[in-house]
Amino acid sequence: MKTALVTGGARGIGLAISRRLAADGFRVAVHYNSSQAAAEQLAAELSRQDGLPHLALRADLAERSQVEELFRQAGPVDVLVNNAGIAQQKLFSDITPEEWRRMFAVDVEGVFHCCQCALPYMIHRKAGSIVNISSVWGQVGASCEVHYSAAKAAVIGLTKALAKELGPSGIRVNCVAPGVIRTEMNAHLSGEDMEALREETPLCRIGEPEEVADAVSFLAGEGSRFVTGQILAVSGGFAE
């Protein structure tokens, strides 16, 4: 039985990823920070479906001690999906130092902590897959989301460098960069804004969380065993 740990795995894209990896046969550790009820409900639902001991586990990913405890409870992790993150729309001149630091603490340092905690088992086995979730804004940048765009760009750089370092150990590191996806994170956008983003997308529609989950499933599985260091944009062509 292989285990997949999905950070931020109870809502939005993370929810779709958790369900897809469970359908792929993984025992899923559903990480959450504030969505306890949703995570516990999801873990129970998945366990009823396949009989595997899926888990709901809490941690603030910006706190190293909590991440270490998260991995202790999850047990050996074969696939790590670094999906959890925060976002904020704000003029660059209005971003406070605290907001900047918190963005990087969760969206970048959280990935750093999780990768380091996952590695001892993966290196011992000389196998494993890490899938980081970035964003199209990490590729092209977004007005009024400078700190978010910078953090997601850092995740892309981390992915490429770590893939080179871990390749000799048989561990693959890849990244999925979603475009505009129909999730709670985008619920604050007006209908007009969503329509404008739809028109900017070559496939002329908004993406669904399940379509991101399909990409993660591919990168987590044996079908991508010779794929590492790649940034897969699931954006309908939004990013070149």
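All residue numbers in this chain count up from 1 along the given sequence.
- Remark: side-chain polar atoms of Asn132 are not paired, donor with acceptor, to backbone N or O of Ile156 under 3.5 angstrom.
- The closest donor-acceptor contact from the side chain of Arg225 to the backbone of Glu222 lies under 3.5 Å.
- Residue Phe26 is tested with Val79, Val6, Leu5 for a side chain to side chain contact (heavy atoms under 4.5 Å, CB included); the sole match is Val79.
- Using modelled atom types, no side-chain atom of Ser169 and backbone atom of Ile171 make a donor-acceptor pair closer than 3.5 Å.
- No side-chain donor-acceptor contact under 3.5 Å links Asp78 and Thr3.
- Panel note: side chain Ser224, backbone Leu219; a donor-acceptor pair is recorded below 3.5 Å.
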Using distance only, find each side-chain donor-acceptor pair of residues 46-54 under 3.5 Å and give its atom names and separation, not counting sequence neighbours.
{"from": "Ser47", "atom 1": "OG", "to": "Ala43", "atom 2": "O", "distance (Å)": "3.0"}
{"from": "Ser47", "atom 1": "OG", "to": "Leu52", "atom 2": "O", "distance (Å)": "2.9"}
{"from": "Ser47", "atom 1": "OG", "to": "His54", "atom 2": "N", "distance (Å)": "3.3"}
{"from": "Asp50", "atom 1": "OD1", "to": "Leu52", "atom 2": "N", "distance (Å)": "2.9"}
{"from": "Asp50", "atom 1": "OD1", "to": "His54", "atom 2": "NE2", "distance (Å)": "3.0"}
{"from": "Asp50", "atom 1": "OD2", "to": "His54", "atom 2": "NE2", "distance (Å)": "2.9"}
{"from": "His54", "atom 1": "ND1", "to": "Val28", "atom 2": "N", "distance (Å)": "2.9"}

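- No side-chain donor from either of Thr7 and Asn83 sits under 3.5 Å from a side-chain acceptor of the other.
- A distance-only check finds a donor-acceptor pair linking the side chain of Asn174 to the backbone of Gly229 [under 3.5 Å].
- Residues that satisfy the ring-ring contact (aromatic ring centres under 6.0 Å, His included) test with Phe104, not counting sequence neighbours, are Trp100.
- How far CD of Gln89 is from CG of Asp94: 13.0 Å, rounded to the nearest 0.5 Å.
- Salt bridge Arg20/Glu211: absent, no basic N to carboxylate O contact under 4.0 Å.
- Under the 4.5 Å side-chain criterion, counting only non-hydrogen atoms from C-beta, Arg58 is in contact with Asn33.
- Here the side chain of Ser134 pairs no donor or acceptor atom with the backbone of Val176 at under 3.5 angstrom.
- In this structure Gln36 satisfies the side-chain hydrogen bond (donor to acceptor under 3.5 Å, both in side chains) test together with Glu40, sequence neighbours excluded.
- Atom NE2 of His147 sits about 12.5 Å away from atom CZ of Arg101, to the nearest 0.5 Å.
- A salt bridge between Arg102 and Glu99 is absent, with no side-chain N of the basic residue lying under 4.0 Å from a carboxylate O of the acidic one.
- Salt bridge absent: Glu145 and Lys90 never bring a charged side-chain N and a carboxylate O closer than 4.0 Å.
- Side-chain contact between Ser18 and Leu42 is present, with at least one heavy-atom pair separated by less than 4.5 Å.
- Using a distance-only test at 3.5 Å, with no hydrogens or angles considered, a donor-acceptor pair links the side chain of His31 to the main chain of Gly8.
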